[in-house]
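Only heavy atoms go into these numbers, but all of them, side chains included; no hydrogens, no water, no symmetry mates. Just so we're on the same page: letters track the sequence lines, and every chain starts at 1.
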Amino acid sequence: MAENGSNGHVNGNEDKTLLKRGLAQMLKGGVIMDVVTPEQARIAEDAGACAVMALERVPADIRVQGGVARMSDPDMIEKIMAAVSIPVMAKCRIGHFVEAQILEAIGIDYIDESEVLTPADEENHVNKHKFNVPFVCGCRNLGEALRRVAEGAAMLRTKGEAGTGDVVEAVRHARQVMRDIRKLTSMDEDELFTFAKEIQAPYALVKEVATNGHLPVVNFAAGGVATPADAALMMQLGVDGVFVGSGIFKSGDPAKRARAIVQAVTHYNDPKVLAEVSRNLGEAMVGINVTPENTIMAKRGW
Amino acid sequence: MLKIGVLAMQGDFREHALMLRQVGAEPVEVRTPEDLNQLAGIIMPGGESTAISRVAKATGLFEPLREFCTTYPAWGTCAGAILLAREIEGEAPHLGLMDIRVARNAFGRQIDSFVAPLNIKGLIGAPLEAVFIRAPIIASAGQGVDVLATLEDGRIVAARQGHLLATSFHPELTPDTRLHEYFLDMVRGARLVV
(Lines give C-alpha, C1' and ligand atoms only; values in the text may rest on other atoms or scores of the structure.)
Protein backbone atom coordinates (compact mmCIF):
# COMPACT_ATOMS: atom_id res chain seq x y z
CA MET A 1 0.00 0.00 0.00
CA ALA A 2 1.27 3.39 -0.88
CA GLU A 3 -0.31 6.79 -0.67
CA ASN A 4 -0.34 8.83 -3.80
CA GLY A 5 0.99 12.31 -3.40
CA SER A 6 -1.32 14.90 -4.82
CA ASN A 7 -4.78 13.51 -4.25
CA GLY A 8 -4.55 11.35 -1.15
CA HIS A 9 -5.96 8.24 -2.84
CA VAL A 10 -4.65 4.98 -1.50
CA ASN A 11 -4.19 2.23 -4.07
CA GLY A 12 -4.09 -1.43 -2.99
CA ASN A 13 -1.68 -3.86 -4.67
CA GLU A 14 -4.26 -5.07 -7.20
CA ASP A 15 -5.16 -1.50 -8.09
CA LYS A 16 -1.48 -0.64 -8.46
CA THR A 17 -1.02 -3.46 -10.97
CA LEU A 18 -4.14 -2.33 -12.85
CA LEU A 19 -2.88 1.26 -13.02
CA LYS A 20 0.64 0.30 -14.11
CA ARG A 21 -0.59 -2.06 -16.82
CA GLY A 22 -3.41 0.35 -17.65
CA LEU A 23 -1.10 3.15 -18.76
CA ALA A 24 0.50 0.74 -21.23
CA GLN A 25 -3.01 -0.01 -22.56
CA MET A 26 -3.36 3.70 -23.34
CA LEU A 27 -0.11 3.68 -25.34
CA LYS A 28 -1.27 0.88 -27.66
CA GLY A 29 -1.43 1.55 -31.37
CA GLY A 30 1.10 4.31 -30.84
CA VAL A 31 4.75 5.17 -31.37
CA ILE A 32 7.18 5.90 -28.53
CA MET A 33 10.14 7.95 -29.73
CA ASP A 34 13.66 8.39 -28.34
CA VAL A 35 14.48 12.08 -27.80
CA VAL A 36 17.60 13.76 -26.42
CA THR A 37 16.40 17.39 -26.16
CA PRO A 38 13.15 19.23 -25.27
CA GLU A 39 13.00 20.43 -28.89
CA GLN A 40 13.06 16.86 -30.20
CA ALA A 41 10.39 15.96 -27.63
CA ARG A 42 8.13 18.70 -29.01
CA ILE A 43 8.73 17.52 -32.58
CA ALA A 44 7.81 13.98 -31.49
CA GLU A 45 4.63 15.10 -29.69
CA ASP A 46 3.63 17.24 -32.64
CA ALA A 47 4.11 14.29 -34.99
CA GLY A 48 1.67 12.23 -32.89
CA ALA A 49 3.98 10.20 -30.63
CA CYS A 50 2.03 8.64 -27.74
CA ALA A 51 5.05 8.97 -25.42
CA VAL A 52 8.73 9.87 -25.55
CA MET A 53 11.83 8.19 -24.13
CA ALA A 54 14.16 10.81 -22.65
CA LEU A 55 17.84 9.91 -22.91
CA GLU A 56 21.23 11.55 -23.36
CA ARG A 57 22.43 9.42 -26.25
CA VAL A 58 20.35 7.41 -28.69
CA PRO A 59 21.48 3.76 -29.02
CA ALA A 60 23.23 4.43 -32.36
CA ASP A 61 25.52 6.92 -30.59
CA ILE A 62 26.06 4.62 -27.61
CA ARG A 63 27.28 2.01 -30.11
CA VAL A 64 29.67 4.41 -31.81
CA GLN A 65 31.00 6.16 -28.71
CA GLY A 66 31.22 3.13 -26.44
CA GLY A 67 32.01 3.46 -22.74
CA VAL A 68 29.62 2.81 -19.87
CA ALA A 69 26.08 3.93 -20.70
CA ARG A 70 24.15 5.06 -17.61
CA MET A 71 20.85 6.67 -16.61
CA SER A 72 20.52 10.18 -18.05
CA ASP A 73 20.93 13.39 -16.03
CA PRO A 74 17.68 14.01 -14.07
CA ASP A 75 17.85 17.69 -14.99
CA MET A 76 17.82 16.85 -18.68
CA ILE A 77 14.92 14.41 -18.18
CA GLU A 78 12.92 17.01 -16.22
CA LYS A 79 13.35 19.56 -19.00
CA ILE A 80 11.84 17.07 -21.43
CA MET A 81 9.02 16.31 -18.97
CA ALA A 82 8.28 20.03 -18.82
CA ALA A 83 8.29 20.39 -22.61
CA VAL A 84 5.49 17.93 -23.46
CA SER A 85 2.09 16.78 -22.17
CA ILE A 86 2.44 13.14 -23.28
CA PRO A 87 3.97 10.50 -20.94
CA VAL A 88 7.76 10.56 -20.57
CA MET A 89 9.83 7.41 -20.09
CA ALA A 90 13.48 7.07 -19.12
CA LYS A 91 15.97 4.21 -18.93
CA CYS A 92 17.75 2.69 -15.96
CA ARG A 93 20.45 0.02 -16.17
CA ILE A 94 19.46 -3.63 -15.70
CA GLY A 95 19.43 -4.32 -11.96
CA HIS A 96 20.25 -0.71 -11.00
CA PHE A 97 17.39 -0.13 -8.56
CA VAL A 98 18.83 3.14 -7.31
CA GLU A 99 18.72 4.67 -10.77
CA ALA A 100 15.09 3.49 -10.80
CA GLN A 101 14.47 5.13 -7.41
CA ILE A 102 15.87 8.40 -8.76
CA LEU A 103 13.67 8.24 -11.84
CA GLU A 104 10.63 7.54 -9.66
CA ALA A 105 11.55 10.47 -7.42
CA ILE A 106 11.49 12.95 -10.31
CA GLY A 107 8.03 11.67 -11.33
CA ILE A 108 8.86 9.84 -14.56
CA ASP A 109 5.79 8.09 -16.05
CA TYR A 110 7.48 4.82 -17.08
CA ILE A 111 10.93 3.28 -16.50
CA ASP A 112 12.61 1.18 -19.17
CA GLU A 113 14.98 -1.28 -17.48
CA SER A 114 17.07 -1.43 -20.60
CA GLU A 115 19.79 -3.60 -22.11
CA VAL A 116 20.75 -0.55 -24.19
CA LEU A 117 22.52 0.77 -21.09
CA THR A 118 25.43 -1.11 -19.54
CA PRO A 119 24.03 -3.69 -17.07
CA ALA A 120 24.66 -3.00 -13.36
CA ASP A 121 23.84 -6.52 -12.13
CA GLU A 122 24.63 -9.66 -14.10
CA GLU A 123 22.24 -11.87 -12.10
CA ASN A 124 19.27 -9.85 -10.94
CA HIS A 125 16.86 -7.45 -12.52
CA VAL A 126 15.17 -4.70 -10.51
CA ASN A 127 12.39 -5.95 -8.21
CA LYS A 128 9.77 -3.84 -9.91
CA HIS A 129 7.00 -4.69 -7.44
CA LYS A 130 8.65 -2.32 -4.98
CA PHE A 131 7.89 0.69 -7.16
CA ASN A 132 4.75 2.72 -7.79
CA VAL A 133 6.03 3.78 -11.19
CA PRO A 134 5.50 1.16 -13.92
CA PHE A 135 8.36 -0.58 -15.79
CA VAL A 136 8.79 -1.78 -19.35
CA CYS A 137 11.37 -4.53 -20.06
CA GLY A 138 12.82 -6.18 -23.15
CA CYS A 139 12.31 -9.83 -24.11
CA ARG A 140 13.42 -12.25 -26.84
CA ASN A 141 11.06 -15.13 -26.05
CA LEU A 142 8.14 -16.06 -23.82
CA GLY A 143 10.30 -17.29 -20.95
CA GLU A 144 12.16 -14.00 -20.71
CA ALA A 145 8.88 -12.08 -21.07
CA LEU A 146 7.22 -13.94 -18.19
CA ARG A 147 10.31 -13.68 -15.95
CA ARG A 148 10.09 -9.91 -16.34
CA VAL A 149 6.34 -9.94 -15.61
CA ALA A 150 7.03 -12.03 -12.50
CA GLU A 151 9.48 -9.33 -11.36
CA GLY A 152 6.71 -6.74 -11.82
CA ALA A 153 7.13 -5.43 -15.37
CA ALA A 154 3.84 -3.82 -16.49
CA MET A 155 4.76 -3.68 -20.16
CA LEU A 156 7.06 -5.61 -22.49
CA ARG A 157 8.91 -4.89 -25.70
CA THR A 158 11.02 -6.99 -28.01
CA LYS A 159 14.69 -6.29 -27.53
CA GLY A 160 15.51 -6.26 -31.21
CA GLU A 161 18.97 -4.81 -31.70
CA ALA A 162 18.90 -1.14 -30.76
CA GLY A 163 20.81 1.48 -32.72
CA THR A 164 21.28 -0.64 -35.84
CA GLY A 165 18.37 0.38 -38.05
CA ASP A 166 18.13 -3.34 -38.84
CA VAL A 167 14.72 -4.81 -37.99
CA VAL A 168 15.81 -8.45 -38.25
CA GLU A 169 16.28 -9.05 -34.52
CA ALA A 170 12.97 -7.39 -33.57
CA VAL A 171 11.24 -9.70 -36.06
CA ARG A 172 13.06 -12.71 -34.61
CA HIS A 173 12.02 -11.82 -31.06
CA ALA A 174 8.40 -10.97 -31.90
CA ARG A 175 8.01 -14.18 -33.88
CA GLN A 176 9.59 -16.22 -31.10
CA VAL A 177 7.21 -14.82 -28.46
CA MET A 178 4.15 -15.41 -30.69
CA ARG A 179 5.37 -18.92 -31.60
CA ASP A 180 5.84 -19.79 -27.92
CA ILE A 181 2.31 -18.55 -27.13
CA ARG A 182 0.78 -20.54 -29.99
CA LYS A 183 2.62 -23.65 -28.85
CA LEU A 184 1.42 -23.11 -25.30
CA THR A 185 -2.24 -22.65 -26.17
CA SER A 186 -2.31 -26.00 -27.99
CA MET A 187 -0.82 -27.94 -25.07
CA ASP A 188 -2.50 -30.40 -22.80
CA GLU A 189 -2.83 -29.07 -19.24
CA ASP A 190 -0.43 -31.79 -18.03
CA GLU A 191 2.30 -30.51 -20.33
CA LEU A 192 2.32 -26.98 -18.94
CA PHE A 193 4.50 -27.90 -15.96
CA THR A 194 7.39 -29.11 -18.08
CA PHE A 195 6.96 -26.27 -20.55
CA ALA A 196 7.22 -23.79 -17.66
CA LYS A 197 10.40 -25.52 -16.55
CA GLU A 198 11.83 -25.49 -20.07
CA ILE A 199 11.27 -21.79 -20.68
CA GLN A 200 12.24 -20.97 -17.08
CA ALA A 201 9.06 -19.08 -16.32
CA PRO A 202 6.73 -19.24 -13.29
CA TYR A 203 4.02 -21.89 -13.75
CA ALA A 204 1.17 -19.56 -12.73
CA LEU A 205 2.01 -17.10 -15.51
CA VAL A 206 2.48 -19.90 -18.04
CA LYS A 207 -0.99 -21.20 -17.15
CA GLU A 208 -2.47 -17.70 -17.45
CA VAL A 209 -1.05 -17.29 -20.97
CA ALA A 210 -2.27 -20.79 -21.93
CA THR A 211 -5.79 -19.89 -20.78
CA ASN A 212 -5.98 -16.38 -22.27
CA GLY A 213 -3.92 -16.92 -25.41
CA HIS A 214 -2.01 -13.68 -24.96
CA LEU A 215 0.59 -12.04 -22.72
CA PRO A 216 -0.64 -10.59 -19.41
CA VAL A 217 0.70 -7.15 -20.39
CA VAL A 218 1.02 -4.96 -23.47
CA ASN A 219 3.93 -5.87 -25.79
CA PHE A 220 5.60 -3.36 -28.13
CA ALA A 221 8.26 -3.81 -30.80
CA ALA A 222 11.64 -2.18 -30.29
CA GLY A 223 15.17 -2.32 -31.62
CA GLY A 224 15.96 -1.58 -35.25
CA VAL A 225 12.69 -0.05 -36.51
CA ALA A 226 13.68 2.63 -39.06
CA THR A 227 10.89 2.97 -41.65
CA PRO A 228 7.06 3.07 -41.78
CA ALA A 229 7.22 -0.35 -43.42
CA ASP A 230 9.29 -1.72 -40.52
CA ALA A 231 6.72 -0.38 -38.06
CA ALA A 232 3.78 -1.87 -39.97
CA LEU A 233 5.63 -5.18 -40.31
CA MET A 234 5.96 -5.41 -36.53
CA MET A 235 2.28 -4.50 -36.06
CA GLN A 236 1.21 -7.19 -38.53
CA LEU A 237 3.33 -9.67 -36.60
CA GLY A 238 1.07 -8.92 -33.63
CA VAL A 239 2.75 -6.36 -31.38
CA ASP A 240 0.66 -3.62 -29.73
CA GLY A 241 2.78 -0.62 -30.72
CA VAL A 242 6.30 0.46 -31.63
CA PHE A 243 9.34 2.09 -30.05
CA VAL A 244 11.54 3.99 -32.47
CA GLY A 245 14.93 4.89 -31.10
CA SER A 246 17.67 6.14 -33.36
CA GLY A 247 15.50 5.69 -36.47
CA ILE A 248 13.83 9.10 -36.33
CA PHE A 249 16.35 11.70 -35.21
CA LYS A 250 19.23 9.97 -37.02
CA SER A 251 17.37 10.33 -40.32
CA GLY A 252 17.30 13.12 -42.89
CA ASP A 253 13.88 14.64 -42.09
CA PRO A 254 12.92 13.61 -38.53
CA ALA A 255 9.53 15.40 -38.33
CA LYS A 256 8.31 13.91 -41.59
CA ARG A 257 9.59 10.42 -40.78
CA ALA A 258 8.02 10.63 -37.31
CA ARG A 259 4.61 11.54 -38.77
CA ALA A 260 4.93 8.75 -41.34
CA ILE A 261 5.73 6.08 -38.76
CA VAL A 262 2.81 7.22 -36.58
CA GLN A 263 0.46 6.86 -39.57
CA ALA A 264 1.96 3.48 -40.43
CA VAL A 265 1.23 2.11 -36.94
CA THR A 266 -2.45 3.16 -37.09
CA HIS A 267 -2.95 2.01 -40.69
CA TYR A 268 -0.63 -1.01 -40.51
CA ASN A 269 -3.05 -3.17 -42.49
CA ASP A 270 -3.63 -0.68 -45.31
CA PRO A 271 -0.87 -0.94 -47.96
CA LYS A 272 -2.23 2.11 -49.82
CA VAL A 273 -1.74 4.34 -46.80
CA LEU A 274 1.66 2.73 -46.19
CA ALA A 275 2.70 3.49 -49.78
CA GLU A 276 1.56 7.09 -49.37
CA VAL A 277 3.42 7.74 -46.11
CA SER A 278 6.58 5.99 -47.34
CA ARG A 279 7.10 8.54 -50.16
CA ASN A 280 9.92 11.09 -50.12
CA LEU A 281 11.00 10.63 -46.52
CA GLY A 282 14.59 11.59 -47.23
CA GLU A 283 17.43 9.47 -46.01
CA ALA A 284 16.79 6.74 -43.47
CA MET A 285 19.35 6.26 -40.71
CA VAL A 286 22.45 4.69 -42.19
CA GLY A 287 22.18 1.48 -40.26
CA ILE A 288 24.63 -1.14 -39.09
CA ASN A 289 24.01 -4.78 -39.95
CA VAL A 290 23.56 -7.03 -36.98
CA THR A 291 26.49 -9.42 -37.13
CA PRO A 292 28.29 -11.40 -34.45
CA GLU A 293 31.19 -8.94 -34.73
CA ASN A 294 29.05 -6.18 -33.27
CA THR A 295 28.20 -5.94 -29.62
CA ILE A 296 24.86 -7.68 -29.26
CA MET A 297 22.92 -5.69 -26.67
CA ALA A 298 20.00 -8.12 -26.71
CA LYS A 299 22.08 -10.75 -24.90
CA ARG A 300 22.09 -8.52 -21.84
CA GLY A 301 19.35 -9.53 -19.39
CA TRP A 302 18.93 -12.82 -17.63
CA MET B 1 -27.50 -5.80 -33.79
CA LEU B 2 -26.44 -2.20 -33.15
CA LYS B 3 -23.20 -1.23 -34.87
CA ILE B 4 -21.11 1.01 -32.66
CA GLY B 5 -17.85 2.51 -33.88
CA VAL B 6 -14.69 2.64 -31.80
CA LEU B 7 -12.20 5.27 -32.95
CA ALA B 8 -9.06 3.21 -33.68
CA MET B 9 -6.32 5.78 -34.18
CA GLN B 10 -4.40 4.99 -31.01
CA GLY B 11 -5.22 3.88 -27.47
CA ASP B 12 -7.20 1.06 -25.87
CA PHE B 13 -9.86 0.72 -28.57
CA ARG B 14 -9.81 -3.10 -28.41
CA GLU B 15 -10.91 -3.05 -24.77
CA HIS B 16 -13.95 -0.94 -25.73
CA ALA B 17 -14.72 -3.31 -28.60
CA LEU B 18 -14.64 -6.29 -26.19
CA MET B 19 -17.00 -4.49 -23.79
CA LEU B 20 -19.41 -3.64 -26.62
CA ARG B 21 -19.51 -7.27 -27.65
CA GLN B 22 -20.27 -8.26 -24.07
CA VAL B 23 -23.30 -5.96 -23.92
CA GLY B 24 -24.65 -7.23 -27.24
CA ALA B 25 -23.50 -4.59 -29.73
CA GLU B 26 -21.31 -5.04 -32.81
CA PRO B 27 -18.10 -3.00 -32.55
CA VAL B 28 -16.53 -1.49 -35.68
CA GLU B 29 -12.97 -0.13 -35.60
CA VAL B 30 -12.97 3.31 -37.23
CA ARG B 31 -9.83 4.32 -39.18
CA THR B 32 -11.24 5.96 -42.33
CA PRO B 33 -14.29 8.15 -43.13
CA GLU B 34 -15.92 5.14 -44.85
CA ASP B 35 -15.83 3.24 -41.57
CA LEU B 36 -18.38 5.73 -40.18
CA ASN B 37 -21.07 4.52 -42.58
CA GLN B 38 -24.00 2.71 -40.95
CA LEU B 39 -22.86 3.28 -37.38
CA ALA B 40 -25.42 4.11 -34.70
CA GLY B 41 -22.88 5.77 -32.39
CA ILE B 42 -19.19 6.00 -31.62
CA ILE B 43 -16.82 5.59 -28.67
CA MET B 44 -13.55 7.51 -28.49
CA PRO B 45 -11.15 5.52 -26.30
CA GLY B 46 -8.42 6.31 -23.83
CA GLY B 47 -5.01 7.04 -25.27
CA GLU B 48 -3.14 10.24 -25.95
CA SER B 49 -5.48 12.96 -27.20
CA THR B 50 -2.70 14.73 -29.14
CA ALA B 51 -1.73 11.51 -30.92
CA ILE B 52 -5.34 10.53 -31.71
CA SER B 53 -6.16 13.98 -33.05
CA ARG B 54 -2.96 14.26 -35.17
CA VAL B 55 -3.56 10.90 -36.82
CA ALA B 56 -7.24 11.63 -37.50
CA LYS B 57 -6.33 14.95 -39.14
CA ALA B 58 -3.57 13.47 -41.28
CA THR B 59 -5.91 10.96 -42.95
CA GLY B 60 -8.92 13.22 -43.43
CA LEU B 61 -11.04 11.50 -40.77
CA PHE B 62 -11.24 14.51 -38.48
CA GLU B 63 -13.99 16.54 -40.23
CA PRO B 64 -16.22 13.52 -41.06
CA LEU B 65 -15.85 12.44 -37.42
CA ARG B 66 -16.91 15.87 -36.16
CA GLU B 67 -19.87 15.80 -38.55
CA PHE B 68 -20.83 12.33 -37.30
CA CYS B 69 -20.68 13.41 -33.66
CA THR B 70 -22.95 16.41 -34.22
CA THR B 71 -25.88 14.06 -34.83
CA TYR B 72 -25.01 10.59 -33.54
CA PRO B 73 -24.37 9.55 -29.94
CA ALA B 74 -20.69 9.81 -28.99
CA TRP B 75 -18.88 8.82 -25.82
CA GLY B 76 -15.34 9.87 -24.97
CA THR B 77 -13.36 8.19 -22.19
CA CYS B 78 -10.29 10.08 -20.88
CA ALA B 79 -8.52 11.16 -24.11
CA GLY B 80 -11.86 10.79 -25.88
CA ALA B 81 -13.47 13.25 -23.46
CA ILE B 82 -10.68 15.72 -24.23
CA LEU B 83 -11.44 15.34 -27.95
CA LEU B 84 -15.13 16.17 -27.34
CA ALA B 85 -14.56 19.24 -25.14
CA ARG B 86 -15.31 22.75 -26.38
CA GLU B 87 -12.43 24.10 -24.29
CA ILE B 88 -9.11 22.60 -23.14
CA GLU B 89 -7.04 24.46 -20.55
CA GLY B 90 -3.87 25.78 -22.18
CA GLU B 91 -4.44 24.39 -25.66
CA ALA B 92 -6.72 24.53 -28.69
CA PRO B 93 -9.80 22.26 -28.68
CA HIS B 94 -10.07 19.24 -31.00
CA LEU B 95 -13.67 18.37 -31.99
CA GLY B 96 -14.98 21.12 -29.71
CA LEU B 97 -18.54 19.77 -29.58
CA MET B 98 -19.47 19.40 -25.92
CA ASP B 99 -19.98 22.39 -23.67
CA ILE B 100 -17.35 21.41 -21.11
CA ARG B 101 -13.93 22.79 -20.23
CA VAL B 102 -11.35 20.10 -19.44
CA ALA B 103 -7.97 20.21 -17.74
CA ARG B 104 -5.52 17.55 -18.95
CA ASN B 105 -3.40 15.51 -16.53
CA ALA B 106 -5.35 17.22 -13.74
CA PHE B 107 -4.17 14.89 -10.98
CA GLY B 108 -0.49 14.93 -11.91
CA ARG B 109 1.72 12.32 -13.53
CA GLN B 110 1.41 8.51 -13.69
CA ILE B 111 2.46 8.17 -10.05
CA ASP B 112 -0.75 10.05 -9.11
CA SER B 113 -3.05 7.69 -11.01
CA PHE B 114 -5.69 6.01 -8.82
CA VAL B 115 -8.80 3.85 -8.53
CA ALA B 116 -11.86 5.22 -6.70
CA PRO B 117 -15.46 4.05 -6.17
CA LEU B 118 -17.84 6.36 -7.97
CA ASN B 119 -21.59 6.91 -7.72
CA ILE B 120 -22.88 7.68 -11.18
CA LYS B 121 -26.27 9.20 -11.84
CA GLY B 122 -28.38 6.77 -13.85
CA LEU B 123 -26.50 3.62 -12.80
CA ILE B 124 -28.19 1.20 -10.43
CA GLY B 125 -26.27 -0.76 -7.80
CA ALA B 126 -22.90 -0.48 -6.11
CA PRO B 127 -20.48 2.36 -6.90
CA LEU B 128 -18.43 1.79 -10.04
CA GLU B 129 -14.69 1.18 -9.55
CA ALA B 130 -13.35 4.02 -11.66
CA VAL B 131 -9.79 3.86 -13.00
CA PHE B 132 -8.09 7.25 -13.37
CA ILE B 133 -4.84 7.14 -15.39
CA ARG B 134 -3.16 10.50 -15.98
CA ALA B 135 -6.76 11.57 -16.08
CA PRO B 136 -8.33 14.87 -17.08
CA ILE B 137 -11.14 16.51 -15.10
CA ILE B 138 -14.11 18.46 -16.32
CA ALA B 139 -13.20 21.84 -14.84
CA SER B 140 -16.54 23.38 -15.69
CA ALA B 141 -19.72 22.40 -17.50
CA GLY B 142 -22.18 24.60 -19.40
CA GLN B 143 -25.90 25.06 -18.68
CA GLY B 144 -27.18 22.26 -20.85
CA VAL B 145 -24.75 19.72 -19.40
CA ASP B 146 -25.89 17.13 -16.89
CA VAL B 147 -23.19 16.29 -14.33
CA LEU B 148 -23.28 12.50 -13.78
CA ALA B 149 -20.46 11.99 -11.28
CA THR B 150 -18.08 13.93 -9.08
CA LEU B 151 -15.21 12.92 -6.81
CA GLU B 152 -15.52 13.51 -3.06
CA ASP B 153 -13.92 16.93 -3.48
CA GLY B 154 -16.60 17.93 -5.99
CA ARG B 155 -14.50 17.71 -9.15
CA ILE B 156 -16.55 16.59 -12.16
CA VAL B 157 -15.49 13.30 -13.80
CA ALA B 158 -18.58 12.31 -15.84
CA ALA B 159 -21.10 14.43 -17.74
CA ARG B 160 -23.71 14.19 -20.47
CA GLN B 161 -25.05 16.75 -22.88
CA GLY B 162 -27.87 15.24 -24.92
CA HIS B 163 -26.26 12.67 -27.22
CA LEU B 164 -22.71 13.34 -25.95
CA LEU B 165 -21.14 11.54 -22.98
CA ALA B 166 -17.76 12.27 -21.38
CA THR B 167 -15.97 10.33 -18.63
CA SER B 168 -12.47 11.09 -17.40
CA PHE B 169 -11.88 7.50 -16.25
CA HIS B 170 -11.67 4.12 -18.02
CA PRO B 171 -14.75 1.85 -17.67
CA GLU B 172 -13.22 -0.32 -20.41
CA LEU B 173 -10.44 -1.50 -18.05
CA THR B 174 -12.70 -3.16 -15.45
CA PRO B 175 -15.26 -5.98 -15.89
CA ASP B 176 -18.16 -3.65 -14.95
CA THR B 177 -20.24 -3.18 -18.14
CA ARG B 178 -22.88 -0.78 -16.75
CA LEU B 179 -21.59 2.36 -18.46
CA HIS B 180 -21.39 0.58 -21.81
CA GLU B 181 -25.02 -0.49 -21.29
CA TYR B 182 -25.87 3.10 -20.39
CA PHE B 183 -24.32 4.29 -23.66
CA LEU B 184 -26.24 1.67 -25.63
CA ASP B 185 -29.43 2.98 -24.03
CA MET B 186 -28.43 6.47 -25.18
CA VAL B 187 -27.97 5.12 -28.70
CA ARG B 188 -31.35 3.35 -28.64
CA GLY B 189 -33.02 6.50 -27.27
CA ALA B 190 -31.49 8.59 -30.03
CA ARG B 191 -32.84 6.19 -32.60
CA LEU B 192 -36.35 6.49 -31.20
CA VAL B 193 -36.15 10.27 -31.46
CA VAL B 194 -34.85 10.12 -35.02
Worksheet entry | Ala8(B) portion near chain A, given a 4.5 angstrom heavy-atom threshold |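 Only the backbone of Ala8(B) comes within 4.5 Å of chain A.
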Worksheet item: With a 4.5 angstrom heavy-atom cut-off, which part of Glu152(B) approaches chain A: side chain, backbone, both or neither?
Response: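 Contact with chain A is absent: no heavy atom of Glu152(B) under 4.5 Å.
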Discussion item. Using heavy-atom distances under 4.5 Å, tell me whether Val88(A) contacts chain B through its side chain, its backbone, both, or neither.
Written reply: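 Interface part for Val88(A): both.
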Using a cut-off of under 4.5 Å on heavy-atom pairs, state which of [options] scores highest against chain B.
| options | answer |
| --- | --- |
| Lys28(A), Met81(A), Glu104(A) | Lys28(A) |
| Val277(A), Asp46(A), Leu18(A), Val262(A) | Asp46(A) |
| Leu27(A), Ile86(A), Val265(A), Asp240(A) | Ile86(A) |
| Pro134(A), Ala51(A), Gly48(A), Ser85(A) | Ser85(A) |
| Ala24(A), Pro87(A), Ala47(A) | Pro87(A) |

Around atom [atom1] of [X], are there more than 12 heavy atoms from other residues, nucleotides or ligands closer than 6.0 Å?
| X | atom1 | result |
| --- | --- | --- |
| Phe62(B) | CZ | yes |
| Glu91(B) | CD | yes |
| Phe131(A) | CZ | yes |

Worksheet entry | Choice from Thr32(B), Ile133(B), Val115(B), Leu151(B) maximising heavy atom contacts with chain A below 4.5 Å |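 Among the listed options, the one with the most contacts to chain A is Val115(B).
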Fill in: Top contributor to chain A contacts, counting heavy-atom pairs under 4.5 Å, from Arg109(B), Glu48(B), Arg54(B)
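Looking at each of Arg109(B), Glu48(B), Arg54(B) in turn, Arg109(B) comes out on top.
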Worksheet item: Met26(A) and Arg134(B): side-chain contact (heavy atoms from CB on, under 4.5 Å), yes or no, with the steps?
Response: CA-CA 10 Å; Met26(A) 300 311 140; Arg134(B) 289 171 44 90; over 6 Å; no
Worksheet item: Between Thr59(B) and Glu276(A), is a side-chain contact (heavy atoms from CB on, under 4.5 Å) present by the stated rule, with each step listed?
Response: CA-CA 11 Å; Thr59(B) 39; Glu276(A) 201 49 49; over 6 Å; no
Just how far is it from atom [atom1] of [X] to atom [atom2] of [Y], taken to the nearest 0.5 Å?
| X | Y | atom1 | atom2 | result |
| --- | --- | --- | --- | --- |
| Leu61(B) | Thr266(A) | CG | OG1 | 10.5 Å |
| Gln263(A) | Met9(B) | CD | CE | 8.0 Å |
| Ser113(B) | Asn132(A) | OG | CG | 10.5 Å |

Worksheet item: Hey, is Asp270(A) close enough to Arg31(B) for a salt bridge, meaning N to O under 4.0 Å?
Response: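 No salt bridge links Asp270(A) with Arg31(B).
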Discussion item. Minimum heavy-atom separation for Gly29(A) and Gln10(B), please, with both atom names.
Written reply: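 That would be O-CG, 3.5 Å.
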